[in-house]
Amino acid sequence: MFAQPICRPYKRNIMLLMGIETSCDETAAAIVSSDGNIRSNIILSQLDEHRPYGGVVPEIAARSHLQHLPEIIRSALEEADVEFKDLTGVAATAGPGLIGGVMVGMMAAKSIALVHDIPFAAVHHMEAHALTARLTDTVPFPYLALLISGGHCQFVVVEGPGAYQILGATVDDAIGEAFDKTAALLGLPYPGGPAIEAAARTGSPYAYPLPRPMAGRPNCDFSFSGLKTAVRKLVERLDGDAEDTKVVTDIAASFQCAAADVVGDRTMNAIQHFKTHFPEGSTLVVAGGVAANQTVRNVLQEIADREELRFVAPPVPLCTDNGAMVAWAGIERLQANLDDSLDFAPRPRWPLDELTGARQG
Ligand code: KG4
Ligand code: ZN
C-alpha cells in the first residue's frame, strides 16, 4: 500500500487562488490558476444603488458588499467547479479604497484562509491593476505601466511583484474623476467615463478649444483640475445651450480629445525616463478603468509604435475592477513568497511604492 501523498501534485505545481475585490462599488470574486486560466470572474456592480447620488456613497457600498459577498463567493466557486478545499490560497484587496468595503473583503478572505489553512495575500488595488497584463499576456519585468482609474493616475515601473517605482502621478484629480465630473456637468449619467465615450462618438473633438494641462512640461506628472474647470466655465457660458444634444456630444468629444492628448504628452516623457533607466524593458502597459477608453488606447498604441515598444492593454472587462486581477496579483505574490499574516490591517490610503521592499522576506 502507498502512503497518502502529503500534498496533491497540482498543489505543488499549479496554484489555484480565489481573489476578492470590494474596495469601491464592485463586489467581485474570481478563481484563477497560475497558468493564467480564469476559471470564474463574478462581478456585481452597485451602480444602481449609487446612481441617484451621482457618486459612490461609502456607507451604502460597505453594507452592499456585506450583503452580497457570500453569494458572489459561492457563485465564483460553482462556476469554476471547485470547492474551498481545492484552493491553494486566497487574496483580497487590502487597500487603497473605501475602508468599510475593504474590511468586508479582507475579513472574508482571512476567514477562508484560517478555516482552510491556506496562505493569504493582502493585495494593493493598483498592484492588481498593474499586474493584470501578465495574466492576459506574457509580459516580462521590468515594464512601464500607466495606471488610470477613478482614484489614481500614475506611471509605475513594475520591476516584479511588490517592486514598484512611481515616475509621476496626478497633482490634483485622477483622470477618471475628470471624466466623471465632466459627465455630471453635461447631465450624462454616472459613471461618466463610458457615458462621455459614447457621447463623443457623434461629436467633434475640434468644436471647443480646451486646455491640455502640464503639456510640454519636462516631468511625468498629471493635472486635470484645470481641464475640468475649463469645461465648467464653458458649460456656464453656453448657459441653457449646453443641454442641446449636439453641444453635449461636441463638448464630450473635445474633452475626451484633450484628456487623451494629456495622456499622450505625459507618456512620451515617461517612456524617455523608462528607456534611460530600464534599457532592458520593452513594454508599455495600460490598466485601470480609464484604460477601457478606445481613444486613450489609440493614442498609447500610436506612441508605443513610434517608440518601438510593445503595447499591452488588457481586455476591457479586466481593466475595470474585478476579482480576477486580485487573484492573479495574489498568485504572483505567493509565488514570490510574499505571503501576508492574518493580522494585516486594511489600508484606506496606501502609496504603491511603499510596497517595494517593505514586506519581503
Ligand atoms: O478601476 P476602476 O473600475 O475603479 C477605480 O479603481 O477607480 O475605474 C473607474 C473609473 C471611473 O472614473 C470611470 O468613469 C472610468 O474608470 N471609466 C472610463 C471608461 N470606463 C470606465 N473612463 C473613460 N472611458 C471609459 N470607457
Ligand atoms: Zn480600480
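Remember, predicted model here, so these are calculated numbers, not experimental data. For ligands, and for the atoms within them, numbers begin at 1 and follow the listed sequence.
Annotation: Phe179 places no N or O atom under 3.5 Å from an N or O atom of ligand 1; distance criterion only. When only interatomic distances are considered, the shortest N/O to N/O separation between Asp180 and ligand 1 falls below 3.5 Å. Taking distance alone, with nitrogen or oxygen atoms compared against 3.5 Å, Pro191 stays at or beyond that limit from ligand 1. In terms of polar-atom proximity, Thr320 is not counted as a contact of ligand 1, lacking any N or O under 3.5 Å from an N or O of the ligand. Between Gly150 and ligand 1, at least one N/O pair is under 3.5 Å apart. Between Asn293 and ligand 1, at least one pair of N/O atoms sits closer than 3.5 Å.
Side-chain atoms of Glu159 and Tyr164 form no donor-acceptor pair, as typed in the model, at a separation below 3.5 Å.
Atom 8 (O) of ligand 1 has as its closest protein heavy atom Gly289 CA, 3.3 Å. Closest protein heavy atom to atom 26 (N) of ligand 1: Glu197 OE1, 2.7 Å. The closest protein non-hydrogen atom to atom 4 (O) of ligand 1 is Asp321 OD2, 3.1 Å. Among all non-hydrogen protein atoms, the one lying nearest atom 15 (C) of ligand 1 is Val290 CG2, 3.9 Å. Of the protein's non-hydrogen atoms, the one nearest atom 22 (N) of ligand 1 is Gly193 CA, 3.3 Å.
The backbone N or O of Lys246 lies less than 3.5 Å from a partner atom in the side chain of Thr249, making a donor-acceptor pair. In terms of modelled atom types and a separation under 3.5 Å, the side chain of Ser23 and the main chain of Val102 share no donor-acceptor contact. Panel note: side chain Asn269, backbone Cys220; no donor-acceptor pair is recorded below 3.5 Å. Within the 3.5 Å criterion, the main-chain N or O of Leu47 finds no donor-acceptor partner in the side chain of Asp25. Formation of a donor-acceptor pair under 3.5 Å by the Asp172 side chain with backbone atoms of Phe224 is found in this model. Between the side chain of Asp86 and the main chain of Glu83, a donor-acceptor pair closer than 3.5 Å is present.
Dense packing is recorded around CG of Asp35, with more than 12 heavy atoms of other residues, nucleotides or ligands lying under 6.0 Å away. The number of heavy atoms from other shown groups lying within 6.0 Å of CZ (Arg217) does not exceed 12. For Glu302, the CD atom sits in a loose shell: 12 or fewer heavy atoms of surrounding residues, nucleotides or ligands are nearer than 6.0 Å.
Listed by atom number, the atoms of ligand 1 under 4.0 Å from Gly176 heavy atoms are 12 (O). Residue-ligand proximity, Gly151 to ligand 1, at heavy-atom distances under 4.0 Å covers atoms 7 (O).
The shortest heavy-atom distance from Cys24 to ligand 1 is not under 4.0 Å.
Distance check for His129 against the Zn ion (ligand 2): an N/O/S atom falls below 2.8 Å.
When non-hydrogen atoms are compared, ligand 1 lies under 4.0 Å from the side chain of His129 (C-beta onward) but not from its backbone. When non-hydrogen atoms are compared, ligand 1 lies under 4.0 Å from the side chain of His125 (C-beta onward) but not from its backbone.
Per residue Asp321, closest N, O or S atom to the Zn ion (ligand 2): atom name OD1. Taking the Zn ion (ligand 2) as reference, the nearest N/O/S atom within His125 carries the name NE2.
The side-chain heavy atoms of Val157 and Phe278, taken from C-beta on, include a pair separated by under 4.5 Å.
Judged as a side chain to side chain contact (heavy atoms under 4.5 Å, CB included), and not counting sequence neighbours, the contacts of His273 are Leu167, His277.
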